[in-house]
Trainee: 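I have a structure I would like to understand better, so I am pasting it below and will then ask my questions one at a time.
FYI, side chains are in, hydrogens and waters are out, and symmetry mates aren't considered; it's all heavy atoms of this structure.
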Amino acid sequence: MHVKKRNKWVSLVLTFAMLLGTIGFASSANAAFGDRITISGTKFYAGGQQIFINGANTPWNSWNDFGRSFDYNWWNNHFATLHANGVNATRVWITCDGEVGININSNGQVTGATTAHWNNLDSLFQIAQNNGIYIMATLMSFDHFKNTHTKYQSWRNMLLSDSNIDSYVTNYVVPFVNRYKNNNYLWSIDLINEPDWVYEDANMGQISWDRLQTYFAKASVAIHQNSSILTTVGLAMVKYNSATAGGSSGNKISDAALQAKVSSSQAKIDFYSPHYYPWQDQYWGIPFYGTPAQWYLVHDRPVVVGEAPALGSTGHTLASDYANAYTNGFAGVMPWTSNGVDSNGNMSNLSPATTAFRDANYSLVFPSGSSDSSKFNFESGSLQSFYGTNGLTVSSSTDRAYAGTNSLKMSGNSTTAKTYYAQLDNPSGLSAGSTVTFRVWVPSGAAITSVQPFVQSNAWAWHGTYTTYASLTKNAWNTITVAIPSNAPTPMKRIGIELVTSGSWNGSIYVDSIN
């Protein structure tokens with residue numbers, strides 16, 4: 001079957017009429033969105049370009065998703081909706097109350113996690129990559145320690161013992177980090193949601209800051225030793241993130257506080273992410289309309305408002321909150337929530353603000369430098385002319401993009417089954433033994449049989465991955481890799497996409513970030 005296609009391909013050759021100098025390998029300095037997020041001073045960067053966290057909270061779909069009731073289609077569709085509405089990052093609770101996913105005994109010793117937990121998380125991080133959504137992974141919450149949950153004493157016992165904390169860090173945190181650290185979309189780890197209540201509330205054990213800080217210190221050292229993932233703690237109240245706010249008894253997550261527990265420079269929180277809700281106005285004010293320093297924080301690292309109502313702060317719209325947060329030096333805003341888990345707002349409240357900020361500051365939300373992070377540059381103005389076969393039209397498009405602002409759009413309009421190709425002749429920079437990664441977006445309900453990225457080396461040897469339409473996630477970015485054998489005859493002749501339809505088809509697919 002494939003041999004016939006290749007012969008047909010040779011007979012239907014239509015070359016790309018383009019200047020090869022305008023579509024070439026992008027340097028790493030040009031890569032941005034989709035790269036690992038890093039820190040310089042008080043700002044975040046991706047591939048050397050500043051990025052503002054135009055974010056959200058999507059804490060759960062169904063309580064304790066990962067290991068109990070994970071719904072792939074829901075998460076995939078929701079992440080696609082987030083990206084389409086300008087959201088570049090969201091905060092997800094990896095475990096909600098500790099009853100599902102992690103193996104912990106009554107003494108507080110942790111031995112690992114369930115297979116279902118890991119399998120569900122594997123899907124989550126692939127979905128994040130496919131849809132271009134950075135994840136802040138919140139490992140646990142005050143809910144773990146609340147006496148209404150069945151394993152609350154196990155989790156209290158975990159914090160009350162150094163050796164039990166070590167078992168959690170060694171047998172869960174480190175495996176989590178090592179499993180996902182090569183996925184750049186795991187942007188950060190939030191060690192616990194709102195530990196303030198664990199300290200203050202008798203129903204959660206009133207566990208001392210000493211024990212909480214020991215956990216923060218041990219976990220942050222392990223994360224930093226094993227990865228480049230950033231760390232934070234989502235404190236409920238800025239008074240515990242500050243030495244000067246009303247009611248403060250010192251910054252509980254300062255470098256000095258954590259390094260007093262573990263003598264290591266890696267015992268540190270990389271950025272601050274305290275929460276804000278209107279009940280706090282009378283105590284510490286509204287963060288967005290002043291600087292982080294005016295919100296009583298030492299502004300020596302990035303500050304993200306890790307939770308705030310998606311309905312907006314007191315007397316302000318959410319769009320105004322985002323715009324003023326950026327103007328005043330915050331590094332991001334992550335409202336609660338994108339999916340309406342309570343009365344603080346949902347996607348209909350969130351999207352006008354995130355789309356407005358994206359449209360006004362596109363390069364801050366989806367930074368791309370002079371190109372996207374592709375070997376082949378599909379950005380506006382870089383394509384001179386582009387051809388496909390069998391009436392396929394191929395062009396640079398801003399309809400959607402995996403990275404940057406543009407992608408390669410392939411459109412067909414036929415009443416019969418056809419095989420289409422888009423191709424670049426004589427691509428420079430590809431070599432035997434390398435792997436080429438394509439990101440492909442396909443619509444739902446299309447009469448498409450298969451989508452096959454390919455590379456042809458000298459003597460027309462064909463290297464490609466036959467991918468059925470049914471196996472692709474619809475209305476989302478899919479990652480497809482093509483391995484070029486180490487003994488492939490060089491030089492490379494072509495790179496392209498084969499698209500096969502089973503009948504009438506009028507629509508488009510998109511390709512981006514060929515790496």
Trainee: Going by the rule side chain to side chain contact (heavy atoms under 4.5 Å, CB included), which residues pair with Y72 if we only count those two or more places apart in sequence or in a different chain?
Mentor: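 Counting only residues at least two positions away or on another chain, Y72 forms a side chain to side chain contact (heavy atoms under 4.5 Å, CB included) with F70, N76, S123, I127, N130, T473.
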Trainee: Which pair of heavy atoms, one from T337 and one from P59, lies closest together, and at what distance?
Mentor: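 Smallest interatomic distance, heavy atoms only, reads CG2-CD, 3.8 Å.
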Trainee: ring-ring contact (aromatic ring centres under 6.0 Å, His included) with F216: which residues, sequence neighbours excluded?
Mentor: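 Scan of F216 (ring-ring contact (aromatic ring centres under 6.0 Å, His included), adjacent residues dropped) gives none.
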Trainee: Using a 3.5 Å distance criterion without hydrogens, assess whether the side chain of R439 forms a donor-acceptor pair with backbone atoms of D512.
Mentor: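 Not a single qualifying donor-acceptor pair exists.
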Trainee: Is the ring pair F366/F33 parallel, tilted or perpendicular, if the boundaries are 30 and 60 degrees?
Mentor: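 The arrangement is perpendicular - the two ring planes meet at more than 60°.
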Trainee: For R211, enumerate each residue passing the salt bridge (charged side-chain N to carboxylate O under 4.0 Å, His left out) test, keeping only those at least two apart in sequence or located in another chain.
Mentor: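 If we apply the salt bridge (charged side-chain N to carboxylate O under 4.0 Å, His left out) test to R211, skipping adjacent residues, the hits are D162.
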Trainee: Would the number of heavy atoms belonging to other residues, nucleotides or ligands and lying under 6.0 Å from NZ of K474 be above 12?
Mentor: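 Yes, the 6.0 Å shell around NZ holds more than 12 heavy atoms from other groups.
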Trainee: Once side chain to side chain contact (heavy atoms under 4.5 Å, CB included) is applied, do any residues pair with N182, and if so which ones, sequence neighbours excluded?
Mentor: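 N182 satisfies side chain to side chain contact (heavy atoms under 4.5 Å, CB included) with no residue once adjacent residues are dropped.
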Trainee: Within the structure provided, determine whether K181 and I229 are in side-chain contact (heavy-atom separation under 4.5 Å).
Mentor: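 Of all side-chain heavy-atom pairs linking I229 with K181, at least one is under 4.5 Å.
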Trainee: Taking the side chain from N64 and the backbone from C96, do they hold a donor-acceptor pair closer than 3.5 Å?
Mentor: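 Yes, because the side chain of N64 sits within donor-acceptor range (under 3.5 Å) of the backbone of C96.
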Trainee: Looking only at heavy atoms, what is the nearest atom pair of P195 and L235, with distance?
Mentor: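 Taking P195 first and L235 second, the nearest heavy atoms are CG-CD2, 3.6 Å.
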Trainee: Is the shortest heavy-atom distance from the side chain of V177 to the side chain of I189 under 4.5 Å?
Mentor: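 With C-beta onward as the side chain, the pair touches.
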Trainee: Between Q206 and E200, is there a donor-acceptor pair closer than 3.5 Å when you use the side chain of the first and the backbone of the second?
Mentor: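 Answer holds: yes.
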Trainee: I need the minimum non-hydrogen distance between S242 and T244, along with the two atoms involved.
Mentor: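 Minimum heavy-atom separation between S242 and T244: OG-N, 2.9 Å.
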Trainee: Which atom pair, heavy atoms only, marks the closest approach of S167 to V110?
Mentor: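 Heavy atoms of S167 and V110 come nearest at OG-N, 2.9 Å.
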Trainee: Between N241 and I253 (side chain of the first, backbone of the second, donor and acceptor by atom type, cut-off under 3.5 Å), is there such a pair?
Mentor: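 Not confirmed, N241 side chain does not pair with I253 backbone.
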Trainee: Which residues pass the ring-ring contact (aromatic ring centres under 6.0 Å, His included) test with H78, sequence neighbours left out?
Mentor: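 W74.
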Trainee: Will you find, in the side chains of T58 and S338, an N or O donor that is under 3.5 Å from an N or O acceptor?
Mentor: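 S338 and T58 do have a side-chain donor-acceptor pair below 3.5 Å.
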Trainee: Evaluate the criterion side chain to side chain donor-acceptor pair (under 3.5 Å) for residue pair N85 and T354; output intermediate values, then yes/no.
Mentor: CA-CA 6 Å; N85 284 277; T354 54; 5.6 Å; no
Trainee: Please identify each residue that fulfils side chain to side chain donor-acceptor pair (under 3.5 Å) with S62, with sequence neighbours left out.
Mentor: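 S62: side chain to side chain donor-acceptor pair (under 3.5 Å) contacts with S69.
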Trainee: State which residues pass side chain to side chain contact (heavy atoms under 4.5 Å, CB included) with A257; sequence neighbours excluded, sorted by chain then number.
Mentor: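 If we apply the side chain to side chain contact (heavy atoms under 4.5 Å, CB included) test to A257, skipping adjacent residues, the hits are Q213, S254.
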Trainee: Do K218 and D166 pass the salt bridge (charged side-chain N to carboxylate O under 4.0 Å, His left out) test, and can you show the C-alpha distance, the side-chain angles, and the key distance before you say yes or no?
Mentor: CA-CA 7 Å; K218 287 176 175 287; D166 288 340; 3.0 Å; yes
Trainee: Quick check: does any side chain N or O of S154 sit under 3.5 Å from a backbone N or O of N105, one acting as donor and the other as acceptor?
Mentor: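 At least one qualifying donor-acceptor pair exists.
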Trainee: Of I53, D190, V92, L230, which meets side chain to side chain contact (heavy atoms under 4.5 Å, CB included) against M136?
Mentor: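 Single side chain to side chain contact (heavy atoms under 4.5 Å, CB included) partner of M136 among I53, D190, V92, L230: D190.
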Trainee: When the ring centroid of W295 is compared with that of Y272, is the distance short of 6.0 Å?
Mentor: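 No.
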Trainee: Flag the pair D97 and K151 as a salt bridge only when some basic side-chain nitrogen lies within less than 4.0 angstrom of an acidic carboxylate oxygen.
Mentor: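 The answer is no: the pair does not qualify as a salt bridge.
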Trainee: Please identify each residue that fulfils side chain to side chain donor-acceptor pair (under 3.5 Å) with N344, with sequence neighbours left out.
Mentor: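 Expected list: D342.
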Trainee: Atom CZ in F271, atom CZ in R301: separation rounded to 0.5 Å?
Mentor: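 These two atoms lie 11.5 Å from each other.
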Trainee: So, do Y134 and Y185 have ring centers that fall under 6.0 Å from each other?
Mentor: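 Here the rings of Y185 and Y134 have centres that are less than 6.0 Å from each other.
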Trainee: According to ring-ring contact (aromatic ring centres under 6.0 Å, His included), does anything in residues 309-354 pair up with another residue at least two apart or in another chain? List the pairs.
Mentor: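 Those involving residues 309-354 are F52-Y326, W60-W336, W93-W336, Y289-H316, Y326-F357.
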Trainee: Give a yes or no on whether the backbone of N131 and the side-chain of H83 come within a donor-acceptor separation of less than 3.5 Å.
Mentor: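 It does hold such a pair.
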Trainee: Between T232 and S273, what is the shortest heavy-atom contact and its length?
Mentor: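 Smallest heavy-atom distance, with atoms named: OG1-OG, 2.7 Å.
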Trainee: Count the heavy atoms of every other residue, nucleotide or ligand shown that sit under 6.0 Å from NZ of K146, and state whether that count exceeds 12.
Mentor: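 Not more than 12 within 6.0 Å, no.
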Trainee: With sequence neighbours excluded, what pairs up with N184 under the side chain to side chain contact (heavy atoms under 4.5 Å, CB included) test?
Mentor: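 Checked N184 against side chain to side chain contact (heavy atoms under 4.5 Å, CB included); matches are R36.
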Trainee: Would you kindly say whether T314 and D281 are connected by a side-chain donor-acceptor distance under 3.5 Å?
Mentor: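 Yes - a donor-acceptor pair under 3.5 Å links their side chains.
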Trainee: Are the side chain of S248 and the backbone of G250 linked by a donor-acceptor contact shorter than 3.5 Å?
Mentor: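 Yes; at least one donor-acceptor contact below 3.5 Å.
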Trainee: Identify the two heavy atoms, one from N349 and one from A310, that lie closest to each other, and give their separation to 0.1 Å.
Mentor: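 Residues N349 and A310, closest heavy atoms: CB-O, 3.4 Å.
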Trainee: For Y180, which residues count as a ring-ring contact (aromatic ring centres under 6.0 Å, His included) partner, sequence neighbours excluded?
Mentor: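 For Y180 the ring-ring contact (aromatic ring centres under 6.0 Å, His included) partners, ignoring immediate neighbours, are F125, F176.
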Trainee: Please name all residues satisfying ring-ring contact (aromatic ring centres under 6.0 Å, His included) with Y168, sequence neighbours left out, ordered by chain then number.
Mentor: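 ring-ring contact (aromatic ring centres under 6.0 Å, His included) list for Y168, sorted by chain: W155, Y172, Y215.
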Trainee: I'd like to know if the side chain of T90 and the backbone of A56 have a donor-acceptor N/O pair within less than 3.5 Å.
Mentor: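 Yes.
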Trainee: Would the Y199 and F142 ring centres measure less than 6.0 Å apart?
Mentor: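 No.
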